[in-house]
Engineer: 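Structure below; questions to follow.
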Amino acid sequence: MRWKYYLKYFYFIGSNWNYRLALFTLRQEIIGEKKYAINSMVIERLNNISVVGENITHASIYQGANYFLLEKAFDYLKSINANGHFVDFGCGKGRVLIVAAHYGFTKLTGIDFAAALCESAKKNIQSGQSRFPLAQFGIICDDAANYKVQDDDIVFFFFNPFDESVMLQVAKNILKSLKEKPRTIFIVYLNPVHKEIFLSAGFTEDFHLQKLEYLELSILSNPRYEDEF
């Protein structure tokens, strides 16, 4: 029964962080899954599933991004008319891509190295495609460090998907693209434990939100193209 899973989810958050956060998160999960008509509420230990590449030791568990923070992030992007190709690193079951489409993004790419999660993302996208007839979704099952940043990639999303070594390589790939094609981009970063990588490369933090101690959102932009790592 569904309520048993809710209790398990509540206990996982509460025992690892605190029960006030667990109550808030569970409520957001139930409301968000219904609002966006998606099935992505799960916590998955990645060492139990097949992945592409050798960076499994650098990855965290899979957990869907908090809906409260997601909506705050997209409200901000909408307020500044930030649009263009949306790229989600560690897309999991496709939650963020669906929410991005709801907010008007029409070209969206998700990257994940777990084949099972990529398949779940494709199913969620297929079930919701009729609601976004203009949206072009793409799911790439590969290591995030291998992704070749495209000239029209504008918004990059991260929910603390991997450790510093992989994030550093991804950031290098983004900076390389900016040198080849200068443009304004946006880094949307939930639980931004490696935010300093982008700040040291010349990005500035345009928006920051903290809630209940453990929920944190940072949006950065405007790198100095001449900087190198």
Side-chain angles (χ1 to χ4, degrees), residues 29 32-33 35-67 69-71 73-74 77 82-163 166-167 169-171 173-174 176-177 185-191:
E29 289 291 302
E33 295 284 275
K35 178 178 180 179
Y36 296 103
I38 187 173
N39 180 20
S40 62
M41 183 179 171
V42 68
I43 294 175
E44 186 79 58
R45 297 190 182 279
L46 297 178
N47 58 350
N48 295 328
I49 57 180
S50 176
V51 301
V52 177
E54 300 178 352
N55 277 329
I56 184 64
T57 58
H58 301 284
S60 61
I61 62 171
Y62 166 70
Q63 179 183 3
N66 183 274
Y67 281 109
L69 293 183
L70 278 183
E71 292 184 339
F74 285 114
L77 293 174
N83 211 310
H85 190 185
F86 182 92
V87 182
D88 179 5
F89 286 92
C91 67
K93 292 193 169 189
R95 171 183 296 189
V96 177
L97 299 175
I98 293 294
V99 177
H102 180 88
Y103 274 82
F105 285 88
T106 56
K107 185 177 181 182
L108 310 101
T109 296
I111 307 160
D112 205 292
F113 69 171
L117 295 179
C118 289
E119 287 304 311
S120 294
K122 291 176 182 178
K123 290 179 181 178
N124 277 319
I125 289 168
Q126 287 172 358
S127 65
Q129 185 74 68
S130 61
R131 290 177 287 137
F132 313 107
L134 299 180
Q136 299 177 6
F137 293 94
I139 299 296
I140 299 173
C141 190
D142 198 359
D143 193 306
N146 296 332
Y147 177 68
K148 179 175 172 52
V149 179
Q150 305 299 303
D151 288 349
D152 62 344
D153 291 353
I154 298 298
V155 180
F156 300 87
F157 181 88
F158 302 92
F159 175 30
N160 192 29
F162 25 69
D163 68 11
V166 178
M167 181 62 82
Q169 183 58 56
V170 171
N173 295 341
I174 292 172
K176 179 181 178 182
S177 172
I185 68 166
F186 301 91
I187 305 295
V188 180
Y189 199 169
L190 274 60
N191 191 16

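This chain uses plain numbering: 1 for the first residue, then up along the sequence.
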Engineer: Do Thr106 and Phe132 have side chains that get closer than 4.5 Å, going by heavy atoms?
Structural biologist: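 SC-SC contact between Thr106 and Phe132 ruled out.
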
Engineer: Any donor and acceptor pair, going by atom type alone, linking the side chain of Ser120 with main-chain N or O of Ala116 inside 3.5 Å?
Structural biologist: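 Yes: the side chain of Ser120 pairs with the backbone of Ala116.
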
Engineer: About how many Å separate CZ of Phe186 and CG of Leu77, when rounded to the nearest 0.5 Å?
Structural biologist: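 One finds 7.0 Å between CG of Leu77 and CZ of Phe186.
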
Engineer: Could you measure the distance from the NZ atom of Lys93 to the CD atom of Glu119? Nearest 0.5 Å is fine.
Structural biologist: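 Reported value, rounded in 0.5 Å steps: 12.0 Å.
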
Engineer: Got Ile185 and Phe156 here, is their nearest side-chain heavy-atom distance under 4.5 Å?
Structural biologist: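 Yes; the side chains approach each other to less than 4.5 Å.
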
Engineer: Given Lys176 and Val149, is the side chain to side chain contact (heavy atoms under 4.5 Å, CB included) satisfied, shown in steps?
Structural biologist: CA-CA 8 Å; Lys176 179 181 178 182; Val149 179; over 6 Å; no

Engineer: Report yes if some heavy atom in the side chain of Tyr147 is under 4.5 Å from a heavy atom in the side chain of Asp153; otherwise report no.
Structural biologist: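 The answer is yes, as the side chains (C-beta and beyond) meet within the 4.5 Å cut-off.
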
Engineer: Would you check, one step at a time, whether the test side chain to side chain contact (heavy atoms under 4.5 Å, CB included) holds for Gln150 with Lys107?
Structural biologist: CA-CA 12 Å; Gln150 305 299 303; Lys107 185 177 181 182; 5.8 Å; no

Engineer: Parallel under 30°, tilted from 30 to 60°, perpendicular over 60°: which one fits the rings of Phe74 and Phe86?
Structural biologist: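 The arrangement is tilted - the two ring planes meet at 30° to 60°.
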
Engineer: Quick one: does Leu70's side chain get under 4.5 Å of Arg95's, heavy atoms only?
Structural biologist: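 A side-chain contact exists here, since the closest heavy-atom pair is under 4.5 Å.
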
Engineer: Taking C-beta and beyond as the side chain, do Leu69 and Phe159 meet within less than 4.5 Å on heavy atoms?
Structural biologist: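 With C-beta onward as the side chain, the pair stays apart.
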
Engineer: For the atom pair CD1 (Ile38) and NZ (Lys123), what is the distance rounded to the nearest 0.5 Å?
Structural biologist: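 These two atoms lie 13.5 Å from each other.
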
Engineer: So how far is it from Cys118 SG to Ile111 CD1, rounded to the nearest 0.5 Å?
Structural biologist: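 If I round to the nearest 0.5 Å, the distance is 9.5 Å.
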
Engineer: What is the minimum heavy-atom distance between Leu108 and Ala101, and which atoms define it?
Structural biologist: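 Heavy atoms of Leu108 and Ala101 come nearest at CD2-N, 3.7 Å.
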
Engineer: Are Gln126 and Phe137 packed together at the side-chain level, in the sense that at least one heavy-atom pair is separated by less than 4.5 angstrom?
Structural biologist: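 No, their side chains stay 4.5 Å or more apart.
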
Engineer: Nearest 0.5 angstrom please: Ile140 CD1 to Cys91 SG, how far?
Structural biologist: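 Those atoms lie 9.0 Å apart.
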
Engineer: Nearest 0.5 Å, please: how far is CD in Gln136 from CD in Gln129?
Structural biologist: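 The CD atom of Gln129 sits 9.0 Å away from the CD atom of Gln136.
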
Engineer: For the residue pair Phe158 and Ile187, establish whether any side-chain heavy-atom pair is separated by less than 4.5 Å.
Structural biologist: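 A side-chain contact under 4.5 Å exists here.
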
Engineer: Go through Leu190 and Phe157 one step at a time and tell me if the side chain to side chain contact (heavy atoms under 4.5 Å, CB included) criterion holds.
Structural biologist: CA-CA 8 Å; Leu190 274 60; Phe157 181 88; 3.6 Å; yes

Engineer: What is the ring orientation for Phe89 with Phe162, classed by angle as parallel under 30°, tilted 30 to 60°, or perpendicular over 60°?
Structural biologist: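 Phe89 and Phe162: perpendicular rings.
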
Engineer: Measure the shortest side-chain to side-chain distance between Arg131 and Ile98 over non-hydrogen atoms and say whether it is less than 4.5 angstrom.
Structural biologist: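 Sidechains of Ile98 and Arg131: in contact.
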
Engineer: Whether the Tyr67 and Glu33 side chains hold a donor-acceptor pair (N or O, under 3.5 Å, no angle test) is what I'd like checked.
Structural biologist: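 Short answer, yes.
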
